[in-house]
Amino acid sequence: MQSLLGQRCLLCGARSRHGLCAACGDSLPYLPPHRCEACALPIAGARLCGACLAQPPAFDRTFAVLRYAFPADALVHALKYQAHLHVAPILAELLLTRLDACPPPDLILPMPLHPEKLRERGFNHAQEIARWIAGRRGVPLQPGLCRRIRDTPPQAGLPWKARTRNVRGAFACEGDLAGRHIAIVDDVMTTGATLNELAKILRRQGAARVDGWIVVRTLPQAGDRHTPVSGSR
Ligand SMILES: [Zn+2]
Ligand SMILES: [Zn+2]
């Protein structure tokens, strides 16, 4: 456990038993308390944002904890591209602080990675986070439930509207999920197009409820048109 979590704060090097010291933990870019229940974008007052009201996404709720800003972006980067696997439990613990509001799902599904990417990277970062959460919540982890069958170009390089098209047909799932409540775990959600596509596939297999458990939510920049998550229609 010691070697897993380290004895020093990952961000400032101060002594810390939990990977992040209290001061660094407090100064993370947390999402504001009022968020759309479906897509987790900040809104004032209402339960759902206008975009989710107009075109409800295929998932029910998104639980997210941080905004995509420094140092949340650096933590995600360290896990994903520098293979600092000890960052996964830290991100998982941050996400767990938001999950009390979610009834326990029947199973947890890490966002699937295409086999080729998995070979390149050697691990699925979403699965590293999901494994920790599954253990802490006592919910079964089922990474093999769905497969990524199309290696889509990275969403990051695409304009918002193209992202929905980019992920269409990306996943396959054969299991019977009738009546199941499934939580999808991922590190980052940007437009929600990938989460929406996977949720659609799970629903097609009978899933009754699909939630996104997401560490970092990207907020639209000025100039991005906030298109609905399911805005392909
Ligand atoms: Zn610190
Ligand atoms: Zn919304």
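Indexing begins at 1, ligand by ligand and atom by atom, following the structure's order. Hydrogens, waters and symmetry mates are skipped; everything else that's a heavy atom, side chains included, is used.
For Glu197 (side chain) and Gly169 (main-chain N/O), a donor-acceptor pair under 3.5 Å exists by modelled atom type. His84 contributes no side-chain N or O that, together with a main-chain N or O of His86, makes up a donor-acceptor pair within less than 3.5 Å. In this structure, the side chain of Gln205 engages the main chain of Glu174 through a donor-acceptor pair within 3.5 Å. Side-chain N or O atoms of Arg35 include one that pairs as donor or acceptor with a backbone N or O of Pro32 at under 3.5 Å.
Shown are the protein N/O/S atoms under 2.8 Å from the Zn ion (ligand 1), given by residue and atom: Cys9 SG, Cys12 SG, Cys21 SG, Cys24 SG.
Annotation: angle subtended at the Zn ion (ligand 2) by Cys36 SG and Cys49 SG is 110°, to 10°. Angle subtended at the Zn ion (ligand 2) by Cys39 SG and Cys52 SG: 110°, rounded to 10 degrees.
Around the NE2 atom of His34, the shell of radius 6.0 Å holds no more than 12 heavy atoms that belong to other residues, nucleotides or ligands.
For Asp60, the side-chain hydrogen bond (donor to acceptor under 3.5 Å, both in side chains) partners are Arg203, not counting sequence neighbours.
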Original post:
Val188 and Tyr68: side-chain contact (heavy atoms from CB on, under 4.5 Å), yes or no, with the steps?
Top reply: CA-CA 8 Å; Val188 178; Tyr68 197 84; 4.1 Å; yes
